Amino acid sequence: MNYWILKSEPNVYAYDDLVKQGTGTWDGVRNYTARNNLRNMQVGDLALFYHSNIGKEVVGVARIVKEAFPDPTTEDNRWLAVEVVAEKKLEKPVTLAQLKADGSVNHIGLVKQSRLSVIPIEKSDFDYILKLSQQ
DNA sequence: GCCAACGTTGGC
DNA sequence: GCCAACGTTGGC
């Protein structure tokens with residue numbers, strides 16, 4: 001069981017879009033590091049859903065329901081996609097500013113490597129961010 | 001709109 | 001295989 005952060009620009013694909021669709025395909029990843037992370041996902045893994053650019057906040061939790069398969073949006077078989085469902089919307093989004101101000105999770109990829117769209121995260125950090133959303 | 005960070009490409 | 005040039009992402 002692993003934990004992740006998935007990043008998306010909400011004007012392209014927002015958490016509410018996933019809620020509406022039920023099951024969403026996480027495709028379009030064109031970065032090898034992110035692709036390798038996708039490949040390591042297992043059914044049942046949980047991911048924080050982060051809105052980049054607009055909002056800059058963690059808004060919900062998604063659950064992986066289908067492991068990596070060839071990305072349907074390209075003929076190029078180097079790229080992979082997974083399927084996810086909306087697990088839970090956060091009562092209160094946790095903003096990047098909040099995480100930075102808090103300081104406890106400065107080591108995570110979201111803060112350190114802002115360009116990566118699929119980021120592995122420790123369970124303790126995952127839980128910590130969820131806890132912040134309940135305060 | 002700017003800029004830093006970082007990934008990718010291509011010439012050598 | 002190295003490295004400069006270029007493109008993209010994303011925070012500010």
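Naming convention: chains lettered A, B, ... in sequence-line order (proteins, then strands); numbering from 1 in each chain. The shown structure was predicted, so the numbers you read here are calculated from the model rather than taken from an experiment.
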Output a table of nitrogen or oxygen pairs between the protein and nucleotides 6-8 of chain C separated by less than 3.5 Å.
from, atom 1, to, atom 2, distance (Å)
dT8(C), O2, Arg115(A), NH2, 3.0

(message) From NE2 of His51(A) over to P of dG11(C), roughly how many Å is that when rounded to an integer?
(response) 12 Å
(request) Write down the distance between CD1 (Ile119(A)) and C1' (dA5(B)), rounded to a whole number of angstrom. (result) 14 Å
(message) Is there a side-chain contact between Lys56(A) and the phosphate of dG10(C), meaning an N or O under 4.0 Å from OP1 or OP2?
(response) no
(message) Aromatic contact between Trp26(A) and Phe49(A), with the criterion being ring centroids under 6.0 Å apart: yes or no?
(response) yes
(message) I'd like to know if Lys20(A) pairs up with Asp16(A) as an ion pair, taking the criterion as any Lys NZ or Arg NE/NH1/NH2 lying under 4.0 Å from an Asp or Glu carboxylate oxygen.
(response) no
(request) Whole angstrom is fine here: how far is it from CD in Gln98(A) over to P in dG11(C)? (result) 15 Å
(request) Rounded off to whole Å, could you give me the CZ-to-C1' distance for the Arg78(A) and dT9(B) pair? (result) 12 Å
(request) For Tyr3(A) and Leu48(A), indicate whether the former's side chain and the latter's backbone hold a donor-acceptor pair under 3.5 Å. (result) no
(request) Ignoring backbone atoms, establish whether Lys7(A) has a side-chain N or O less than 4.0 Å from OP1 or OP2 of dG11(C). (result) no
(message) Please tell me whether Tyr32(A) and Trp79(A) form a close aromatic pair, meaning their ring centres lie under 6.0 Å apart.
(response) yes
(request) Could I get the full list of salt bridge (charged side-chain N to carboxylate O under 4.0 Å, His left out) partners for Lys88(A), not counting sequence neighbours? (result) none
(request) Please determine which of Arg30(A), Arg35(A), Arg78(A) meets the salt bridge (charged side-chain N to carboxylate O under 4.0 Å, His left out) test together with Asp71(A). (result) Arg30(A)
(request) Whole angstrom is fine here: how far is it from NZ in Lys100(A) over to P in dG11(C)? (result) 8 Å
(request) Check the distance between dG10(C)'s C1' and Asn53(A)'s CG and give it to me in whole angstrom. (result) 5 Å
(message) What is the distance, to the nearest angstrom, from the CZ atom on Arg30(A) to the C1' atom on dT9(B)?
(response) 17 Å
(message) How many whole angstroms separate atom CG of Leu96(A) from atom C1' of dT9(C)?
(response) 14 Å
